[in-house]
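Working notes, beginning with the structure itself.
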Number of protein chains: 2
Amino acid sequence: MEAISYDRPSVIALLRKHGIAPTHQRLEIAQVLFGRCHHLSADQVLAKVNESQAETSKATVYNTLNLFRDLGLIREVIVDPKRVLYDPNTEPHHHLYNVDTGEITDIDAGALSVSGLPELPTGMVTEGVDIIVRVRASEASLG
Amino acid sequence: MEAISYDRPSVIALLRKHGIAPTHQRLEIAQVLFGRCHHLSADQVLAKVNESQAETSKATVYNTLNLFRDLGLIREVIVDPKRVLYDPNTEPHHHLYNVDTGEITDIDAGALSVSGLPELPTGMVTEGVDIIVRVRASEASLG
DNA sequence: GAGCAGATTAGACAAAGTCCAAAGATTGAA
DNA sequence: TTCAATCTTTGGACTTTGTCTAATCTGCTC
Ligand SMILES: [Mn+2]
Ligand SMILES: [Mn+2]
Ligand SMILES: [Zn+2]
Ligand SMILES: [Zn+2]
């Protein structure tokens with residue numbers, strides 16, 4: 001696994017490499033995505049980008065998230081029926097989902113193995129295997 | 001695994017057992033859910049119930065789906081970001097998801113095993129492990 | 001019958017996401 | 001530098017999924 005730097009010049013180079021213009025808005029959004037916080041919703045990205053000052057519209061956030069997703073820079077996590085979450089971690093990995101709080105934690109795919117998956121119908125190919133471990137606080141752990 | 005009959009009298013008994021009244025609408029919805037088609041969205045259930053004649057409102061379909069889900073008669077499948085699907089198969093099982101067509105197929109949990117799941121934080125308990133195999137038609141199989 | 005609890009309903013509402021047409025920004029050739 | 005083509009951004013309309021509410025309906029029991 002190669003370490004990627006996500007400072008401004010690196011992100012500019014990354015976008016250029018994918019043939020898209022490194023606009024101010026895209027850089028702001030990239031900075032939010034590739035920063036500390038993982039698994040953000042579009043709304044959360046919008047809020048973070050515009051935190052200090054309004055810099056980006058809702059439409060651009062959605063445009064950019066879909067663009068980055070198509071380029072493989074981020075991936076979608078489908079676990080909360082209310083909204084898609086965007087994940088800058090594109091290494092194969094899985095998720096622990098706290099159904100009470102909505103909190104999501106990564107599970108490294110390396111440690112984990114699945115056996116017994118059925119044969120695919122001919123002509124079909126696997127795009128990915130997503131494992132979601134749904135957890136909650138146990139009865140005992142609550143007062 | 002116990003075979004369950006889903007004819008009208010059995011469903012009536014099932015609802016009574018859970019302390020809810022077997023109304024006409026609930027029976028119609030149960031009939032759609034427990035019939036041949038699995039993994040239906042709320043909208044599809046509504047359409048099927050009202051196919052021959054209008055019998056149920058949108059609100060009642062949602063009420064009933066949530067009620068059945070709370071009673072454990074059906075479960076939600078979170079795989080399509082656009083809508084929740086409802087699954088009358090409450091046996092532990094997983095899903096194959098065709099990302100192009102949206103088609104969903106069950107994968108029996110018996111044949112399948114996952115190893116290497118991390119320890120849960122203390123006080124947390126697993127509610128379920130969902131595995132989604134995302135597949136699509138291979139390049140080769142398309143013209 | 002009256003009274004009561006629970007169920008159904010139309011339609012208002014909210015949130016996520018897409019779409020569009022207008023305006024703004026970049027680019028690169030002349 | 002200028003100009004036009006192209007790409008990008010944007011407000012806001014729109015769509016879809018799902019929830020909520022207040023009014024009505026249904027089915028009991030007395
Ligand atoms: Mn900023
Ligand atoms: Mn019918
Ligand atoms: Zn992740
Ligand atoms: Zn299923």
Side-chain angles (χ1 to χ4, degrees), chain A residues 11-12 14-33 39-50 53-71 73-87 99 102, chain B residues 11-12 14-33 39-50 53-71 73-87 99 102:
Chain A
V11 173
I12 291 178
L14 185 65
L15 297 190
R16 285 237 159 81
K17 199 181 75 181
H18 282 92
I20 61 171
T23 64
H24 177 67
Q25 288 87 344
R26 285 173 181 161
L27 292 174
E28 290 290 325
I29 292 168
Q31 199 156 298
V32 167
L33 288 170
H39 311 116
L40 296 175
S41 67
D43 228 51
Q44 291 173 316
V45 171
L46 179 63
K48 280 224 170 208
V49 166
N50 290 339
Q53 64 217 267
E55 292 184 88
T56 304
S57 70
K58 182 181 70 157
T60 296
V61 167
Y62 278 103
N63 286 347
T64 303
L65 289 171
N66 290 339
L67 180 65
F68 285 5
R69 185 243 291 130
D70 290 346
L71 296 178
L73 301 178
I74 58 178
R75 63 183 261 199
E76 296 181 343
V77 178
I78 313 298
V79 56
D80 178 342
K82 301 240 173 212
R83 63 240 215 288
V84 172
L85 300 181
Y86 293 89
D87 192 342
V99 297
Chain B
V11 173
I12 291 177
L14 186 64
L15 297 190
R16 284 236 162 83
K17 200 180 74 181
H18 283 92
I20 61 172
T23 63
H24 178 67
Q25 288 87 344
R26 285 173 180 161
L27 292 174
E28 289 290 325
I29 292 168
Q31 200 156 299
V32 167
L33 287 171
H39 311 119
L40 296 175
S41 68
D43 227 50
Q44 291 173 316
V45 171
L46 180 63
K48 281 224 168 208
V49 166
N50 290 338
Q53 64 219 269
E55 293 184 88
T56 304
S57 69
K58 183 180 70 154
T60 296
V61 167
Y62 277 102
N63 286 346
T64 303
L65 289 172
N66 291 338
L67 179 66
F68 285 5
R69 184 243 291 130
D70 291 345
L71 296 178
L73 300 178
I74 59 179
R75 63 183 259 200
E76 296 181 345
V77 178
I78 313 297
V79 58
D80 177 342
K82 303 241 173 210
R83 64 244 215 289
V84 171
L85 300 180
Y86 293 89
D87 191 342
V99 296

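Convention: sequence-line order gives letters A, B, ...; per-chain numbering from 1.
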Can you figure out which of [options] approaches the side chain of [X] most closely?
| X | options | value |
| --- | --- | --- |
| B/Ala21 | C/dA7, C/dG11, C/dT18 | C/dA7 |
| A/Ala59 | C/dC19, C/dG17, C/dA10 | C/dC19 |
| B/Asn66 | D/dT8, D/dT19, D/dT17 | D/dT19 |
| B/Asn63 | C/dC19, D/dG18, C/dT9 | C/dT9 |
| A/Arg26 | D/dT8, C/dT18, C/dC19 | D/dT8 |
| A/Thr56 | C/dA16, D/dT17, D/dT10 | D/dT10 |
| B/Ser57 | D/dG18, D/dT10, C/dT9 | C/dT9 |

Taking atom [atom2] of [N] as reference, at what distance in whole Å does atom [atom1] of [X] sit?
| X | N | atom1 | atom2 | answer |
| --- | --- | --- | --- | --- |
| A/Leu85 | C/dG17 | CG | C1' | 14 Å |
| A/Arg83 | D/dG18 | CZ | P | 15 Å |
| A/Gln44 | C/dA16 | CD | C1' | 13 Å |
| A/Arg16 | D/dT8 | CZ | C1' | 15 Å |
| A/Leu27 | D/dT8 | CG | C1' | 13 Å |
| B/Glu28 | C/dA7 | CD | C1' | 16 Å |
| B/His24 | C/dT8 | NE2 | P | 10 Å |
| B/Leu67 | C/dA7 | CG | P | 8 Å |

Next item on the list: For the pair B/Arg26 and B/Leu67, evaluate side-chain contact (heavy atoms from CB on, under 4.5 Å) and give the outcome as yes or no after the intermediate values.
Entry: CA-CA 10 Å; B/Arg26 285 173 180 161; B/Leu67 179 66; 3.7 Å; yes
Ignoring backbone atoms, test whether [X] places a side-chain nitrogen or oxygen under 4.0 Å from the OP1 or OP2 oxygen of [N].
| X | N | value |
| --- | --- | --- |
| A/Tyr62 | C/dT18 | no |
| B/Gln25 | D/dT26 | no |
| A/Thr23 | C/dA25 | no |

Checklist line | Candidates B/Val79, B/Asp80, B/Val77 - the one meeting side chain to side chain contact (heavy atoms under 4.5 Å, CB included) with B/His39 | finding: B/Val77
Item checked: Qualifying residue, where the test is side chain to side chain contact (heavy atoms under 4.5 Å, CB included) with B/Phe68 and the options are B/Asn66, B/Asp70, B/Thr64, B/Leu65 -> B/Thr64
Next item on the list: For the residue pair B/Asn63 and B/Gln25, establish whether any side-chain heavy-atom pair is separated by less than 4.5 Å.
Entry: no
Item checked: Under 3.5 Å donor-acceptor, A/Asn50 side chain and A/Glu55 backbone -> yes
Notebook entry, point to check: Is a donor-acceptor contact shorter than 3.5 angstrom present between the side chain of A/Lys58 and the base of C/dT18?
Noted result: yes
Margin query: Quick check: on DNA chain C, is the nucleotide nearest B/Val61 upstream (toward 5') of the one nearest A/Tyr86, or the reverse? Name the residue that is more 5'.
Written below: B/Val61
